[in-house]
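Just so it is clear, the structure is predicted and the values come from calculations on it, not from any experiment. Protein chains get the first letters and strands the later ones, always in sequence-line order, with residue 1 at the start of each.
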Amino acid sequence: MSDTVRTRIAPSPTGDPHVGTAYVALFNYALAKKHGGQFILRIEDTDRTRSNTASEEMIFEALRWLGLEWDEGPDVGGPSGPYRQSERSEIYTEHAERLVATGDAYPCFCTRERLTELRAHQRENKLALGYDGHCRSIAPEEAAARRSAGEDHVIRLAMPDEGETTVIDLLRGEIRIDNAQVDDQVLVKSDGFPTYHLANVVDDHLMGITHVIRAEEWISSLPKHVRLYEAFGWDLPVFCHLPLLRNADKSKISKRKNPVSLNHFRRAGFLPEALLNYLALMGWTMPDEREEFTRDEFIDQLTLERISLGGPVFDLDKLTWLNGKYMRDLEPQEILERLKTLWLSDEYLLKVLPLAHERIETLQDFFEYAAFFFTGDVDYDDAARKKLLAKGRTGPQTAKLLRQLLEDFIDPLLQWTAESIEDALRRFCEKYEVTAKEIFMPVRIAVTGRAATPPLFDTMAVLGKEVCRSRMRRAIEVLRTIK
RNA sequence: GACCCUAUCGUCUAGUCCGGUCAGGACACCGGCCUUUCACGCCGGCAACACGGGUUCGAAUCCCGUUGGGGUCACCA
């Protein structure tokens, strides 16, 4: 096993499946395949308040849609399971206790209030932020006694406060960081669950991961991870930090500024093989600079060393162009098959049909009446623009309302049904003290482009979350320009 | 703010390790050709080595500094 390449993607199931997950997964997948090794899917659901199974399901589906099939994972099993961190609690507890026993970690009884005050004080006096090691000096016997008495506590990593840690990143080479500025990271939370740092290191080791390929945002916590490997006496894997995908303004890619949900790309009709190809182009090039290539060609040619480090801007235009090339290469029959999986399935048509049924007089009317169920973004003509405004409010004011509705009530929805949508809209009305009458028409126009539609919630349910969100974003942009 | 990462056309990038081509390709944009139209396709154009110092006959490439961009600084991952 030691000479087999084993890689993993370790997403956290806390929302819609992210394009960044697919990006990192692709490189992990390809490296494992290139060397005849294994690609593992591990679900990092140690944040009990945010993790949920609906998100986990979506990750499975999205990764499979892209063809990034895993060799071991929660749903397929494997020799190093379980692959869901919430099912591995005893393992983390046991490992954390090992560190406490050797003095590499210690119990900390500080309250959240104390930590908040500490942080405020540090901020005020422009000191370095971080835990001050308050509980580190508690004698082990005393700490043990307090723990068994049931006192609330966490387990912290005892980071050396002198010297420096040298870590090696495959792409960047040596990175040196003073230990003094590395915090005593919490390893086990007061609820008994591990934090990312502990769980990740323990699992990567136990699962025999040889190459840790993940996003650049993890570089700063590398010293903590290295310290953990050392404390456990384990060999280090190869670390390779991929550049972060960016918005057009170079900030870390985010859903405010870009479509980031893999569900969006699927619903918008991008071909998985084209998306994958495009993702491979982010920071990487074929030796011959060819831009169109298959997943297997990518696997064949991949060398991590060819990855460039400037954060690549995710460019929808170029993705769309590439997707077009793939489309043109498909036979009409194949296009038909793909259309059938999206808009021309009996399943989808039978959802749309009942909504149009009573409102049409000839069969042909269906296509006119239900057009917005099949198009991408919708246009807002002058009449629509007028009704896009909430009563008594300006364009920008309505835009702000819609944005709050979208970000605080629509985006977080895990269940997308007429009931859950209605509930979200009504909760929104209550919180912002707007009436249903005021806001429902703007929402209706936003998601359909029309004032006359089937019932709003049913319509939105059938359109799907991604289509609604994309059209609402568009409407918000339009509203900002209306006085 | 501290620390870390990073820097070639608007965007994705080749070239950088082993200094020496008009700094190459792609998207977007602009022109033209093809075509009943549009699209595709083809041809052409616009467009970059962040800045300042060195080293050198010669620097995108090596060294130093500056600046810009990004990330991290949670009992989230």
**Asked** Which part of the nucleic acid, if any, lies within reach of Arg123(A) when heavy atoms closer than 4.0 Å are counted: base, sugar-phosphate only, or nothing?
**Response** nothing
**Request:** Can you spot which of Thr46(A), Thr93(A), Asp203(A) makes a side chain to side chain donor-acceptor pair (under 3.5 Å) with Arg88(A)?
**Result:** Asp203(A)
**Asked** Just by protein heavy atoms under 4.0 Å, how would nucleotides 6-17 of chain B read 5' to 3' in B, S and -?
**Response** S----SBSSS--
**Prompt:** Tell me: NE2 of His121(A) to P of C73(B), nearest whole Å?
**Reply:** 22 Å
**Asked** How long is the line joining CZ of Arg328(A) and P of C40(B), in whole Å?
**Response** 6 Å
**Item:** Donor + acceptor pair across side chains of Ser86(A), Asp45(A) (<3.5 Å)
**Value:** yes
**Request:** Quickly work out the Arg290(A) CZ to G25(B) C1' distance and round it to whole Å.
**Result:** 14 Å
**Complete:** Any strand, both distances under 3.5 Å, Watson-Crick or G-U wobble: C22(B) pairs with none
**Prompt:** Given the P atoms of G45(B) and U6(B), what is the spacing between them in whole Å?
**Reply:** 36 Å
**Asked** So with a 6.0 Å cut-off around CD of Gln364(A), is the heavy-atom count from everything else above 12?
**Response** no
**Watson-Crick or G-U counterpart of U16(B), or none if no pair lies under 3.5 Å** = none
**Base paired to U72(B) (Watson-Crick or G-U; both N/O distances under 3.5 angstrom)** = A2(B)
**Request:** Have a look at Thr46(A) and say if it touches a base, only the backbone sugar-phosphate, or nothing, with a 4.0 Å heavy-atom cut-off.
**Result:** sugar-phosphate
**Message:** Does Arg450(A) qualify as a cation-pi partner of Phe372(A), given the criterion of NZ or CZ under 6.0 Å from the six-membered ring centre and within 45 degrees of its axis?
**Reply:** no
**Message:** Taking pairing as Watson-Crick or G-U wobble with both contacts under 3.5 Å, can you name the mate of A59(B), or confirm there isn't one?
**Reply:** none
**Asked** For the side chain of Ser190(A) and the base of C75(B), is some donor closer than 3.5 Å to an acceptor across the two?
**Response** yes
**Prompt:** Using a cut-off of less than 4.0 Å, is there contact between a side-chain N or O of Arg176(A) and OP1 or OP2 of C4(B)?
**Reply:** no
**Interatomic distance at C1', C42(B) relative to C5(B), whole Å** = 43 Å
**Asked** Is Glu477(A) paired with Arg403(A) through a side-chain N to carboxylate O contact shorter than 4.0 Å?
**Response** no
**Separation of the P atoms in A50(B) and C43(B), to the nearest angstrom** = 30 Å
**Complete:** As its Watson-Crick or G-U partner within any shown strand, both distances under 3.5 Å, C38(B) has none
**Request:** Would you please confirm or rule out a distance under 4.0 Å between OP1 or OP2 of G69(B) and any side-chain N or O of Ser251(A)?
**Result:** no
**Message:** For Trp284(A) and Phe298(A), I'd like to know if the aromatic rings sit close, meaning centre-to-centre distance below 6.0 Å.
**Reply:** yes
**Asked** Just to confirm, is there a sub-4.0 Å distance from OP1 or OP2 of U72(B) to any side-chain nitrogen or oxygen of Lys252(A)?
**Response** yes
**Complete:** Between Ile177(A) and Leu115(A), whichever has its closest RNA chain B nucleotide further toward 5' is Ile177(A)
**Message:** Is the ring pair Phe239(A)/His241(A) parallel, tilted or perpendicular, if the boundaries are 30 and 60 degrees?
**Reply:** parallel
**Message:** Say we look at U13(B) and G53(B): how far apart would their C1' atoms be, to the nearest angstrom?
**Reply:** 29 Å
**Request:** Could you list all the ring-ring contact (aromatic ring centres under 6.0 Å, His included) pairs where at least one residue sits in residues 67-93 of chain A, not counting sequence neighbours?
**Result:** Phe60(A)-Trp70(A)
